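Data block below; observations after.
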Amino acid sequence: MSDNQAIIGTGCVETKSRVRAGELAWGGEYLMVEPEHFRVDYAINPYMDPRDQPDPAATRDQWSAIAEAIGAAGGRVEVLGQRPDAPDMVYAMNLGLPFMGGPTGRLAVLSHMRFPERRMETESAHAWFADRGYTLHRFGSDGVGAHFEAGDAFAWRGELVVGYGPRTERLALKHLAHELDITVRGVRITHPGMYHLDLAFCPLDETRAMVCPDAFDAASARTLLGLVPDPLVLTEAEAMTFCANSVVVGRTVIMPACPDRVRGQLEDWGFEVVIVGVSEFLKGGGAIRCLTNPLDVTLGRDLRTR
């Protein structure tokens, strides 16, 4: 195995039944953070410019449209208020990595943000998950310990796929494998515009996912494509529309944008594409997946090794 790849842990897991065979076993329940204090105060990714501030009314309308689209597709949204001192907290995907199941019933791995501008968010995430009975894990705090941001991690076919490089450190993969007792497959992100895995990888069902190879080094791109039996391979230009930063509820894909070729393939596979504009949130470098954190991934049942 090269230095740019990581396959860690071999925990035993099995699957959760679904109403429709073949769909993702998660993606029906999400945590979102109300955009009460969303603004661009600093630049920690290529999209942020404090001179270009989001419009509060449009921000609220776009956020509400995402929640409504999830509900219309049969999903459910839980809401957490935003801290006044945390303008990026609206990107709820990065608060932590929650799971249902396992020996304690619920657990969540809290993020340890690379940039200090976002670290106060973890305090609120800690309180929210603790109040709901989650067992909490964290690998570091205040810049000490391995950095881990949950937007870099996806449950996929009985394992976790975790991106590392810009935000998450490779050492965090070992911690995840140890704490969760499952296989963790690491892919090294090298594209500055796709700094989290959720900008370049989107699971669609049990065998399909959107993948942008240009986000990774060559070895990691091969690794990720090898994990997906039927990938929808995105070009760099397609991925930069943020089309992979989408959520899937059953057979509905809620997307911020969808290039024609991508739409055609999704519809050929039987998915319904729902577009929700997120122009205001793009000013902070995130779209629909960044704004939603799945709460119904079930560790020990729906993660099955095939």
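The figures here come from the full heavy-atom set of this structure, side chains too, leaving out hydrogens, waters and symmetry mates. In this chain, numbering begins with 1 at the start of the sequence shown. Only a predicted model underlies this, so the values are computations on that prediction, with no experimental measurement involved.
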Under the 3.5 angstrom rule, does the side chain of [X] hit a backbone N or O of [Y] as a donor-acceptor pair?
| X | Y | answer |
| --- | --- | --- |
| E34 | V79 | no |
| Q82 | F38 | yes |
| R289 | A287 | no |
| N45 | G284 | yes |
| S64 | D61 | no |
| R119 | M113 | yes |
| T135 | L107 | no |
| N293 | A92 | yes |
| D152 | V162 | no |
| N245 | D198 | yes |

Give me the one residue out of H147, K174, H175, H112 that meets side chain to side chain donor-acceptor pair (under 3.5 Å) with E169. H147
How many angstroms lie between atom [atom1] of [X] and atom [atom2] of [Y], to the nearest 0.5 angstrom?
| X | Y | atom1 | atom2 | answer |
| --- | --- | --- | --- | --- |
| L291 | Y91 | CG | OH | 6.5 Å |
| Q62 | D55 | CD | CG | 9.0 Å |
| M210 | C243 | CE | SG | 5.5 Å |
| R185 | L227 | CZ | CG | 5.0 Å |
| F115 | D88 | CZ | CG | 10.5 Å |
| L31 | E78 | CG | CD | 7.0 Å |

Cluster link L136 to W128, ILVMFWY, side chain under 4.5 Å: yes
V273 side chain reached by V262 side chain, heavy atoms, under 4.5 Å: no
Heavy-atom side-chain proximity of R261 to L232 below 4.5 angstrom: yes
How far apart are the closest heavy atoms of I189 and P166, and which atoms are they? O-CD, 3.5 Å
Where do E29 and D296 come nearest, in terms of heavy atoms and distance? N-OD2, 3.4 Å
Are more than 12 heavy atoms from other residues, nucleotides or ligands located less than 6.0 Å from atom CG of D260? no
Residue D142 excluded, over 12 heavy atoms near CG under 6.0 Å: no
May I ask you to decide if the ring planes of F154 and W26 are parallel, tilted or perpendicular, using 30° and 60° as cut-offs? tilted
Given F242 and Y47, is the ring-ring contact (aromatic ring centres under 6.0 Å, His included) satisfied, shown in steps? CA-CA 12 Å; F242 281 63; Y47 307 98; 5.2 Å; yes
